Amino acid sequence: MIKKRIGTVGLGLMGSSIATCILAAGHEVTSLVKDLSIVDEARQRILSFLEQLHQEGILNERPEEVVKRHTITDDVTKMAGHEVVIESIIENVDEKKSVYKKLETVLSPTAIIGSNTSAIPVTVLQSGLQYPERVLGIHWAEPAHITRFMEVICGKDSQLEYAYKMVELAESWGKEPSLLKKDIRGFITNRIMYAMLREAFYLVENGYATMEDVDRSLRNDLGYWITFAGPFRFMDLTGIPAYLTVMKDLFPELSNATEAPAFMEDLVSAGAKGVSNAQGFYPYTPESAERWEEKFIEFSYDVRKLAKKYSSSSIENP
């Protein structure tokens, strides 16, 4: 089967991971970047990601052959003829819209423009464009070349036919995409995750538990079942009525803070970035930070295998 040539914009860590996923699925990929000085670094990063996939048995082709299908350019005219272009640059509305307007000068009116935004409403991103109906949010998880997660989000002006095409394409990449037919800030996972983070900070900042206690509880409870079942399936499995009783008692007690936690503000002001600079909520040495990063990748592959083994389709169609 002749596969579509896919375009990407941006080759940071996430952009490189996205390009890796699409290359591994058999496509030719053209990546648009602002500065060609990053080309060697990006190529090496993508090659290392492909080597991981090959070692795990996910990629059958030799990584050295796969990277030959990848073109990196700073010339937007090289994106002409692409049916799908996925942007993955900084979370800045003006920067993203500037990219889309440049793309509109060379893409066909029916080419899909997707944004790997985490929280910016798609309606905001598509406003003022010549063909807003083909603009979608395409939200990936890190690491994008390993996880099966994807959310495809429609803005106010998006046409569903483009969303359905994107879902079908994502499935061919090995993803299990979710479709949001209406635009909402944060989409599905970020809205739920940040509600959880707000409550986690509330418990720690008010002295109910330590960070270690919160992490331990969530790993051993939520972390135990959530790869197998989402929240609605889990309630089916464990008995629905009890959850209603707890909701009535607990919902009024949950944090509804609208400001970012002071603890978080202080940490970021102090320069903390997490394991990337060995400074975070927990103490790290450069060596321990590197080990945590390595183990996260190893864990991600293990979870991918587990999720595939216990997917809904494997249970309902054994």
Side-chain angles (χ1 to χ4, degrees), residues 5-56 58-59 61-79 82 84-92 94-96 98-100 102-103 113-118 138-147 149-150 173-174 268 271-280 284-301:
R5 175 182 283 274
I6 305 295
T8 72
V9 183
L11 281 178
L13 185 60
M14 180 62 96
S16 297
S17 190
I18 289 171
T20 300
C21 173
I22 302 170
L23 285 165
H27 297 270
E28 292 186 5
V29 175
T30 306
S31 294
L32 181 66
V33 297
K34 186 185 295 186
D35 183 359
L36 289 177
S37 68
I38 60 91
V39 168
D40 290 342
E41 179 186 353
R43 285 195 191 283
Q44 187 56 47
R45 183 162 53 234
I46 290 167
L47 180 60
S48 70
F49 289 162
L50 289 167
E51 288 170 345
Q52 291 172 9
L53 293 172
H54 189 260
Q55 290 166 7
E56 291 290 329
I58 297 169
L59 176 66
E61 295 179 86
R62 292 175 59 241
E64 296 81 4
E65 293 301 313
V66 175
V67 293
K68 293 178 182 179
R69 297 198 297 267
H70 191 204
T71 301
I72 303 175
T73 182
D74 62 353
D75 182 359
V76 72
T77 65
K78 301 295 185 184
M79 308 305 277
H82 291 63
V84 177
V85 177
I86 299 170
E87 163 270 312
S88 182
I89 64 171
I90 61 171
E91 285 285 276
N92 179 285
D94 292 336
E95 291 276 352
K96 289 180 182 289
S98 175
V99 168
Y100 307 155
K102 291 175 184 176
L103 289 172
I113 297 177
S115 174
N116 176 43
T117 177
S118 297
I138 303 176
H139 183 207
W140 304 63
E142 179 69 29
H145 62 290
I146 304 174
T147 59
F149 167 87
M150 180 181 286
W173 298 342
V268 172
K273 295 181 180 179
V275 295
S276 66
N277 70 345
Q279 185 181 351
Y284 301 95
T285 63
E287 295 75 19
S288 69
E290 184 176 352
R291 285 195 299 272
W292 274 102
E293 285 189 295
E294 291 172 351
K295 288 300 180 182
F296 177 54
I297 295 299
E298 183 180 329
F299 174 79
S300 297
Y301 279 112

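The structure presented is a predicted model; accordingly, all values stated were derived computationally and were not measured. What you see below is based on every heavy atom in this structure, not just the backbone, and it leaves out hydrogens, waters and symmetry mates.
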>> Main chain of Leu11, side chain of Arg45: is a donor-acceptor contact present, judged purely on distance under 3.5 Å?
In response: yes
>> Please enumerate all residues that pass side-chain contact (heavy atoms from CB on, under 4.5 Å) together with Gln279, with sequence neighbours excluded.
In response: Ala270, Ala272, Asn277
> Can Glu287 and Arg291 be counted as an ion pair, charged N to O under 4.0 angstrom?
Replying inline: no
> Taking atom types as modelled and ignoring hydrogens, do the side chains of Glu142 and Thr147 form a donor-acceptor contact shorter than 3.5 angstrom?
Replying inline: no
>> Please list all pairs meeting salt bridge (Lys or Arg N to Asp or Glu O under 4.0 Å) that have one or both residues in residues 5-17, counting only residues at least two apart or in different chains.
In response: Arg5-Glu28
> CD/Glu65 to CG/Leu50 distance, rounded to the nearest 0.5 angstrom?
Replying inline: 12.0 Å
> Roughly how far, to the nearest 0.5 Å, is CE of Met150 from CH2 of Trp173?
Replying inline: 5.5 Å
>> Could you report the tightest heavy-atom contact between Val66 and Ala24, atom names first, then the distance?
In response: CG1-N, 4.5 Å
>> Angle between ring planes, His145 versus Phe49, binned at 30° and 60°: parallel, tilted or perpendicular?
In response: parallel
>> Checking side-chain polar atoms at under 3.5 Å, does Asp75 have a donor or acceptor matched by the opposite partner on Thr73?
In response: no
>> Under the rule for salt bridge (charged side-chain N to carboxylate O under 4.0 Å, His left out), what residues qualify as partners of Arg69, not counting sequence neighbours?
In response: Glu61
> For Glu56, does the CD atom sit with more than 12 other heavy atoms under 6.0 Å from it, leaving out its own atoms?
Replying inline: yes
>> List the residues meeting salt bridge (charged side-chain N to carboxylate O under 4.0 Å, His left out) with Glu51, not counting sequence neighbours, and say none if there are none.
In response: none
>> Could you check whether any side-chain N or O of Asp74 sits under 3.5 Å from a backbone N or O of Leu36, counting only pairs where one atom can act as donor and the other as acceptor?
In response: no
> Rounded to the nearest 0.5 Å, how far apart are SG of Cys21 and CD1 of Ile46?
Replying inline: 12.0 Å
>> Just to verify, what does Phe149 make a ring pair (Phe, Tyr, Trp, His ring centres under 6.0 Å) with, not counting sequence neighbours?
In response: His139
>> Side chains of Ser31 and Thr8: any donor to acceptor distance under 3.5 Å?
In response: yes
> Just wondering, do Ile72 and Arg43 contact through their side chains at under 4.5 Å, heavy atoms?
Replying inline: yes
> Does Met79 offer a backbone N or O that forms a donor-acceptor pair with the side chain of His82 under 3.5 Å?
Replying inline: yes
>> Donor-acceptor pair, distance only, cut-off 3.5 Å: does the side chain of Ser16 make one with the backbone of Leu13?
In response: no
>> Let me confirm one number: the CD1-OG distance from Ile146 to Ser17, rounded to the nearest 0.5 Å.
In response: 7.0 Å
> How close do Met14 and Asn116 get, heavy atom to heavy atom, and via which atoms?
Replying inline: CG-ND2, 3.3 Å
> What pairs with Lys34 under salt bridge (charged side-chain N to carboxylate O under 4.0 Å, His left out), at least two apart in sequence or on another chain?
Replying inline: Glu95
>> Do Val275 and Phe296 have side chains that approach each other closer than 4.5 Å (heavy atoms only, starting at C-beta)?
In response: no
> Quick one: does Glu91's side chain have a donor or acceptor within less than 3.5 Å of a partner on Ser118's backbone?
Replying inline: yes
>> Rounded to the nearest 0.5 Å, what separates atom CD1 in Ile18 from atom CD1 in Ile138?
In response: 8.5 Å
>> Evaluate Val85 against Leu32 for side chain to side chain contact (heavy atoms under 4.5 Å, CB included), listing each step before the verdict.
In response: CA-CA 10 Å; Val85 177; Leu32 181 66; over 6 Å; no
>> Return the CD to OH distance between Glu87 and Tyr100, rounded to the nearest 0.5 Å.
In response: 3.5 Å
